[in-house]
Asks: 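Below is the structure I would like to discuss, written out as structure tokens.
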Amino acid sequence: MPISTLLKTNNTAWSTEQSAEMYGIGNWGADYFSVSDAGEVIVHPHGNGTGVSLRKIVDGLIDRGLDMPVLLRFSDILDSRIKKLHESFGRAIEEFDYQGHYRGVYPIKVNQQQQVLEEIAEFGAHYHHGFEAGSKAELIAAISFLHDREAYLVCNGYKDAEFVDLGLLARKMGLRCVFVVESLSELELILERSRELDVLPIIGVRLKLSTQASGHWNHSGGERSVFGLNPSQVCDLVDRLKEAGMLNCLQLLHYHVGSQIPNIRDIREAVVEACRVYVGLVNEGAPMGVLDLGGGLAVDYDGSHADTATSRNYGLDEYCTALIENMVSTLDEAKVPHPNIITESGRATVAYYSVLLFNILDQSRFEIHELPKTLDDNAHELLQNLLDVVNVLEAKNAQECYHDAFYYRDEIHQRFKHGSMTLRERALAGEIFWHIVTRIAALIKEMEFVPEELQKLPAMLADIYYGNFSLFQSLPDVWAIDQLFPIMPIHRLKEQPTREVVLADITCDCDGKIDRFVGQYTTRDTLPLHDLTDEEYYLGVFLVGAYQETLGDLHNLLGDTNVATVEVDKKGRLRYTRELEGDSVADVLSYVEYDTKLMIRRIRKLAEEAVRTEAITARDRRHIMETFESGMRGYTYFER
Ligand SMILES: *Cc1c(COP(=O)(O)O)cnc(C)c1O
């Protein structure tokens with residue numbers, strides 16, 4: 001019996017709506033992704049409205065000679081995210097009659113690609129959207145792309161004299177560059193360098209909150225956080241600034257509880273605590289004027305709207321309202337004027353921006369063969385016992401049969417090891433065993449209650465589909481922290497998927513697999529996919545715009561993928577605006593310090609020796625060298 005019976009097929013009754021539900025696209029797609037009547041995933045880069053089929057985009061890329069895997073970026077989605085963020089804050093500010101401005105800043109570390117910075121500077125210009133830099137390199141990148149004197153440029157992270165000088169010079173050129181002090185020793189450096197360069201710094205202070213959020217990144221906040229100053233250190237900072245006669249430079253209070261905060265309650269607690277400290281600083285005589293609430297606005301990766309690490313129990317509007325409402329009530333109570341608000345949303349700004357597309361190269365599946373009805377008279381008794389299990393198996397005794405099957409199989413393995421059963425008997429036992437397990441997996445679909453030990457069967461029996469990508473390069477968080485990203489086929493959604501699948505990448509590292517997926521409302525151990533046909537089969541991994549691109553590594557020397565950017569105008573017309581070729585084999589070899597010219601010389605020497613010993617001809621040598629040289633220039637991924 002083929003395993004495909006694991007999923008009951010009934011193609012005539014299948015609809016694209018069922019596909020949409022199965023993959024949960026309506027839950028995590030946030031207006032940007034949907035399924036068309038033609039059974040293809042549609043991207044709506046402006047949110048709702050006109051859209052374009054991802055399958056059509058792929059065809060256009062292939063026609064242009066861009067191979068899979070490809071990271072697809074949608075500039076319009078980035079534009080839309082920035083717009084939504086500012087509009088949401090704008091509404092909350094109006095609703096609560098908040099007196100300050102909202103100014104977003106983009107934390108560069110979340111996706112540092114030049115294209116991302118350029119686009120954010122462009123799309124955010126209207127709102128004076130700024131940047132947050134955590135290192136010298138990020139600061140230089142920010143200064144080169146952000147020339148808006150109204151926008152904030154927030155400097156976090158450890159700063160040496162050079163970092164401080166860069167920021168002070170930006171200040172001299174009129175940029176609103178703020179140093180967020182992470183330690184008291186850093187303050188001394190800032191004071192000293194500003195005297196030296198004769199420019200007044202804008203100083204902020206990073207607060208260590210006692211509020212700690214749940215989720216993956218909760219260690220960024222809380223009293224044991226490694227970053228920021230506790231209240232007593234904040235007071236020391238004020239004293240030191242007073243002593244230096246520079247308290248007027250203290251204008252900003254910053255905190256960052258952590259990324260991907262799943263629970264709105266933690267967001268409220270943090271802002272209230274920070275407002276109290278802000279009031280304290282105003283009462284100390286600091287001019288203040290800006291409250292920077294850090295990042296943490298979460299993305300609903302699994303679409304469950306739940307208070308879990310891969311989701312969140314609030315939306316953007318609720319986030320803005322919660323912040324503004326709590327700020328107004330805390331500050332008004334203390335009669336302190338409303339400051340400008342900065343948030344450093346990274347993930348929520350760029351996650352939707354990119355989709356990783358790859359093709360499936362191959363599948364491996366359990367093939368269960370027909371079993372003999374009866375065995376030879378002289379067959380081993382244990383084999384007969386195992387076959388008897390097949391004959392009595394039904395839903396109501398499935399668990400018992402499951403135990404029996406394991407028992408007899410293990411006994412047979414023991415006998416085989418001791419030499420008392422033959423290879424053929426051992427092989428037949430395997431066939432019968434998998435037949436039983438497969439049938440149990442099919443039966444549990446009909447059972448009202450499925451015992452826990454049986455629940456893992458479908459995953460155990462799942463097909464493996466080999467995808468043309470590297471988990472380590474393109475989805476490092478899946479490997480490192482079990483991050484969930486929505487994954488689904490981008491076409492054939494009019495057909496019912498008939499296979500239950502676990503994905504493997506082409507590194508063939510046992511860690512290079514994905515076996516947790518986003519389902520309709522819950523996570524699942526297998527992904528329903530279509531059987532492979534002669535047509536190429538494409539999957540998309542969605543919401544990969546944040547944190548994935550530069551954390552990736554060169555596992556198996558699989559390099560950067562091709563990157564393509566598309567724009568869709570309001571009439572739905574598609575433009576391919578940018579192309580970045582992925583790494584070649586020579587590129588990745590040089591990253592790990594190979595001398596590729598030397599390598600070619602060495603291969604040539606090997607070939608010439610083969611010519612000398614007459615193993616190959618001189619013409620063969622030419623062909624060999626051409627192949628190696630073109631291999632060096634080629635893509636690191638599987639090429640058809
Ligand atoms: C990483 C980081 C951010 C971004 O957090 P998101 O959750 O991605 O919005 C913001 N601020 C600081 C200080 C950070 O370290």
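None of the values given here were measured: they were computed from a predicted structure.
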Asks: Report the residue from Val43, Val563, Leu54 that forms a side-chain contact (heavy atoms from CB on, under 4.5 Å) with Leu72.
Replies: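 For Leu72, the side-chain contact (heavy atoms from CB on, under 4.5 Å) check succeeds only for Leu54.
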
Asks: Tell me, with the steps shown, if Arg81 and Phe123 meet side-chain contact (heavy atoms from CB on, under 4.5 Å).
Replies: CA-CA 10 Å; Arg81 295 305 298 166; Phe123 305 142; over 6 Å; no

Asks: Apply the salt bridge (charged side-chain N to carboxylate O under 4.0 Å, His left out) test between Arg73 and each candidate in Glu579, Glu549, Glu118, Glu119; give the one that qualifies.
Replies: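 For Arg73, the salt bridge (charged side-chain N to carboxylate O under 4.0 Å, His left out) test succeeds with only one of Glu579, Glu549, Glu118, Glu119, which is Glu549.
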
Asks: Between His44 and Ser34, is there a side-chain heavy-atom distance shorter than 4.5 Å?
Replies: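 A side-chain contact under 4.5 Å exists here.
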
Asks: Can you tell me if Ser311 and His305 form a side-chain donor-acceptor pair at under 3.5 Å?
Replies: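 No, no side-chain donor-acceptor pair sits under 3.5 Å.
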
Asks: From the options Val478, Leu558, Asp505, select the one residue that forms a side-chain contact (heavy atoms from CB on, under 4.5 Å) with Phe472.
Replies: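 Answer after filtering Val478, Leu558, Asp505: Asp505.
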
Asks: Start with the C-alpha gap between Leu539 and Ile487, add the side-chain angles, then the distance that decides, and say whether side-chain contact (heavy atoms from CB on, under 4.5 Å) holds.
Replies: CA-CA 7 Å; Leu539 301 190; Ile487 304 177; 4.3 Å; yes

Asks: Show every side-chain hydrogen bond (donor to acceptor under 3.5 Å, both in side chains) that has at least one partner inside residues 235-253, sequence neighbours left out.
Replies: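 Qualifying pairs, neighbours excluded: Glu188-Arg240, Arg240-Glu243, Lys242-Glu284.
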
Asks: Which residues pass the ring pair (Phe, Tyr, Trp, His ring centres under 6.0 Å) test with His254, not counting sequence neighbours?
Replies: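 Scan of His254 (ring pair (Phe, Tyr, Trp, His ring centres under 6.0 Å), adjacent residues dropped) gives none.
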
Asks: Looking only at heavy atoms, which two atoms of Ala142 and Leu117 are closest? And how far apart?
Replies: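 Looks like N-CD2, 4.3 Å.
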
Asks: Please tell me whether Tyr352 and Arg347 have a donor and an acceptor in their side chains that are separated by less than 3.5 angstrom.
Replies: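 No pair is found: no donor N or O on one side chain lies under 3.5 Å from an acceptor on the other.
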
Asks: Among Asp482, Thr523, Asp302, which residue meets the side-chain hydrogen bond (donor to acceptor under 3.5 Å, both in side chains) test with Thr310?
Replies: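 For Thr310, the side-chain hydrogen bond (donor to acceptor under 3.5 Å, both in side chains) check succeeds only for Asp302.
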
Asks: Can you tell me if Arg575 has over 12 outside heavy atoms packed within less than 6.0 Å of its CZ?
Replies: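 For Arg575, atom CZ is not crowded (no more than 12 foreign heavy atoms under 6.0 Å).
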
Asks: Is it the case that Arg176 places NZ or CZ above or below the six-membered ring of Tyr152, under 6.0 angstrom from the centre and within 45 degrees of the axis?
Replies: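 Judged by the rule (NZ or CZ under 6.0 Å from the ring centre, within 45° of its axis), Arg176 counts as positioned above Tyr152.
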
Asks: Run the ring-centre check on His86 versus His126 and record whether the distance is less than 6.0 Å.
Replies: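 When the ring centroids of His86 and His126 are compared, they turn out to be at least 6.0 Å apart.
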
Asks: Let's go through Leu237 and Leu184 carefully: what are the C-alpha distance in whole Å and the side-chain angles of both, what is the deciding distance for side-chain contact (heavy atoms from CB on, under 4.5 Å) to 0.1 Å, and is it a yes or a no?
Replies: CA-CA 7 Å; Leu237 175 120; Leu184 287 168; 3.8 Å; yes

Asks: We want to know whether Tyr106 and Asn111 form a side-chain donor-acceptor pair, criterion being a heavy-atom distance below 3.5 angstrom.
Replies: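 No, Asn111 and Tyr106 have no side-chain donor paired with an acceptor closer than 3.5 Å.
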
Asks: Is it the case that the side chains of Tyr32 and Ser80 hold a donor-acceptor pair, with the cut-off being a distance below 3.5 Å and no angle test?
Replies: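 Yes, Tyr32 and Ser80 have a side-chain donor paired with an acceptor closer than 3.5 Å.
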
Asks: Starting at OG1 of Thr577, measure out to CG of Leu574 and round the result to the nearest 0.5 Å.
Replies: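 Here the interatomic distance stands at 9.0 Å.
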
Asks: Sequence neighbours excluded, which residues qualify as ring pair (Phe, Tyr, Trp, His ring centres under 6.0 Å) partners of Phe542?
Replies: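 Listed in chain order: Trp28, Phe33.
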
Asks: Could you pull out every donor-acceptor pair under 3.5 Å between side chains of residues 275-283 and any protein atom, sequence neighbours left out?
Replies:
unit_1, atom_1, unit_2, atom_2, d
Tyr278, OH, Gly289, N, 2.9
Asn283, ND2, Val279, O, 3.4

Asks: Is the shortest heavy-atom distance from the side chain of Lys136 to the side chain of Asp160 under 4.5 Å?
Replies: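 Counting from C-beta outward, Lys136 and Asp160 do come under 4.5 Å.
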
Asks: Which is it for Leu253 and Leu207 under the side-chain contact (heavy atoms from CB on, under 4.5 Å) test, yes or no, and what are the steps along the way?
Replies: CA-CA 7 Å; Leu253 179 68; Leu207 177 64; 4.0 Å; yes

Asks: Ignoring hydrogens and geometry beyond distance, is a side-chain donor-acceptor pair present between Asn340 and His101 at under 3.5 Å?
Replies: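 Checked: Asn340/His101 side chains show no N/O donor-acceptor pair below 3.5 Å.
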
Asks: Taking atom types as modelled, is there a side-chain donor on Thr565 or Gln115 under 3.5 Å from an acceptor on the other?
Replies: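 Yes.
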
Asks: For a quick check under 3.5 Å, do Glu132 and Asn156 share a side-chain donor-acceptor pair by atom type?
Replies: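 A pair is found: one side chain offers a donor N or O, the other an acceptor, under 3.5 Å apart.
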
Asks: I want to check something: taking the side chain as every heavy atom from C-beta on, are Val355 and Phe74 in contact at a cut-off of under 4.5 Å?
Replies: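 Side chain of Val355 against side chain of Phe74, heavy atoms only: contact under 4.5 Å found.
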
Asks: Side chains of Ser210 and Glu273: do they bring a donor and an acceptor to under 3.5 Å?
Replies: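 Yes, side-chain donor-acceptor contact under 3.5 Å.
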
Asks: Which donor-acceptor pairs under 3.5 Å do side chains of residues 318-327 form with protein atoms, sequence neighbours excluded?
Replies:
unit_1, atom_1, unit_2, atom_2, d
Thr321, OG1, Asp317, O, 2.7
Asn326, ND2, Ala322, O, 2.7

Asks: Any donor-acceptor pair under 3.5 Å linking the side chain of Tyr547 with the backbone of Pro476?
Replies: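 Checking the backbone N and O of Pro476 against the side chain of Tyr547, no donor-acceptor pair under 3.5 Å is found.
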
Asks: Of all residues at least two apart in sequence or in a different chain, which pass the ring pair (Phe, Tyr, Trp, His ring centres under 6.0 Å) check with Phe89?
Replies: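 Scan of Phe89 (ring pair (Phe, Tyr, Trp, His ring centres under 6.0 Å), adjacent residues dropped) gives Tyr102.
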
Asks: Rounded to the nearest 0.5 Å, what separates atom CG in Leu291 from atom CG in Leu252?
Replies: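 So the CG of Leu291 and the CG of Leu252 are separated by 7.5 Å.
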
